[in-house]
Trainee: 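Following this message is one structure expressed as structure tokens.
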Amino acid sequence: MVSVGVEIKETEVDDEDFEEMKRFVRDYLAASVESEEDGGRMRWYPWHSAEYRFNHILNVVDLAEEIADAEGADVDVVRVAAAFHDVAKLEVDQDVHAEAGARVAREYLQSRGNYPESFIEEVCGAIVDHSYTGDLADVPLESRCLIEADVLDKVGANGAVLMLLRMGYESRTHMDAAKMVDRVLERGRDHTDRVVSDTAESIAHQRIKRVQWIREWLEEEVSRMDANGVTER
């Protein structure tokens, strides 16, 4: 017998609920730094601000959904874990931010909605796993999708622009631009060697190609100087 008027909520997270999760994460990040008199830990680097961190999270959500859908993972588990994976990044040390983020996600999911405990456990497990640096074949599929998305956001045009922004904070001139982009290429190749899914590998190669274009344009348009300050061509 089916009870009339009783709604049983499955593990699926509808768009409205997911948007509310993202708003919560955005507000949580902002609250993590607003009371700090000095602007927070390393806030003078723009990518350590609440605004950058939330933008990174949104990027990872998009990438993680794409990878999860193509690889046959539970998309809801992956996208919710992606939304919360760095929620505690600005209030705790790097080496414990994954565990802290899982605690925040657990409290949120248990207090808002009727999500099965098994779903919550999978989400929190993926959040904890996202800082794992070992072989991705050793983690669950949903964790792997999140880890791959997280590392891929540091690859490509976005990673190149962030590295160029860093030049100003390190008192470098535009003459060093090509050298800085080389570092993005090196990191991108390292990340490509790490990912294991065909989807993530395809995204990584596409993004590396974009950085190579940027590198070639810089090589062509920016004069080089030797050790004596003489411009070379």
Trainee: Side chains of Glu71 and Arg144: does their closest heavy-atom pair fall under 4.5 Å?
Mentor: yes
Trainee: After noting the C-alpha distance and the side-chain angles of Arg112 and Glu20, does the key distance pass the salt bridge (charged side-chain N to carboxylate O under 4.0 Å, His left out) rule?
Mentor: CA-CA 10 Å; Arg112 308 193 189 196; Glu20 179 61 31; 3.7 Å; yes
Trainee: Examine the side chains of Glu66 and Thr199 and answer whether a donor and an acceptor come within less than 3.5 Å of each other.
Mentor: no
Trainee: Is Val13 linked to Ile57 within one hydrophobic cluster, defined over Ile, Leu, Val, Met, Phe, Trp and Tyr using a side-chain heavy-atom separation of less than 4.5 Å?
Mentor: yes
Trainee: For residues Leu141 and Val195: do they belong to one hydrophobic cluster (side chain heavy atoms under 4.5 Å, members Ile, Leu, Val, Met, Phe, Trp, Tyr)?
Mentor: no
Trainee: Are any of the side-chain heavy atoms of Val104 and Phe24 separated by less than 4.5 Å?
Mentor: yes
Trainee: Taking side-chain hydrogen bond (donor to acceptor under 3.5 Å, both in side chains) as the cut-off, I'd like each qualifying pair that reaches into residues 133-143, sequence neighbours left out, listed once.
Mentor: Asp129-Ser143
Trainee: Is any side-chain heavy atom of Glu117 less than 4.5 Å from a side-chain heavy atom of Arg106?
Mentor: yes
Trainee: Are Tyr115 and Val123 linked, directly or through other ILVMFWY residues, by side chains that come within less than 4.5 angstrom of each other?
Mentor: yes
Trainee: Does some side-chain heavy atom of Glu65 sit less than 4.5 Å from a side-chain heavy atom of Val78?
Mentor: no
Trainee: Can you find a heavy atom in the side chain of Lys89 that is under 4.5 Å from one in the side chain of Gln94?
Mentor: yes
Trainee: Can you check whether Val96's main-chain N or O pairs, donor with acceptor, with Asp93's side chain at less than 3.5 Å?
Mentor: no
Trainee: Could you tell me if the side chain of Asp198 sits less than 4.5 Å from the side chain of Ser202, heavy atoms only?
Mentor: no
Trainee: Going by the side-chain contact (heavy atoms from CB on, under 4.5 Å) test, name the single residue among Ile67, Val60, Asn59 that passes it with Leu152.
Mentor: Ile67
Trainee: Which heavy atom in Ser131 sits nearest to a heavy atom in Ala98, and how many Å separate them?
Mentor: OG-CB, 3.5 Å
Trainee: Using a distance-only test with no angle check, is there a side-chain donor-acceptor pair under 3.5 angstrom linking Tyr28 and Glu91?
Mentor: yes
Trainee: Give me the ring orientation class for His130 and His85: parallel if the planes are under 30° apart, tilted from 30 to 60°, perpendicular past 60°.
Mentor: perpendicular
Trainee: Ignoring hydrogens and geometry, is there a side-chain-to-backbone donor-acceptor pair from Arg79 to Val61 under 3.5 Å?
Mentor: no
Trainee: Please check if the side chain of Lys22 supplies one atom and the backbone of Phe18 the other of a donor-acceptor pair under 3.5 Å.
Mentor: no
Trainee: Let's go through Glu51 and Leu29 carefully: what are the C-alpha distance in whole Å and the side-chain angles of both, what is the deciding distance for side-chain contact (heavy atoms from CB on, under 4.5 Å) to 0.1 Å, and is it a yes or a no?
Mentor: CA-CA 8 Å; Glu51 291 79 8; Leu29 290 167; over 6 Å; no
Trainee: Could you check whether any side-chain heavy atom of Val80 comes within less than 4.5 Å of a side-chain heavy atom of Phe119, counting everything from C-beta outward?
Mentor: yes
Trainee: Is there side-chain contact between Gln206 and Arg210, with at least one heavy-atom pair below 4.5 Å?
Mentor: yes
Trainee: Of all residues at least two apart in sequence or in a different chain, which pass the salt bridge (Lys or Arg N to Asp or Glu O under 4.0 Å) check with Asp86?
Mentor: Arg53
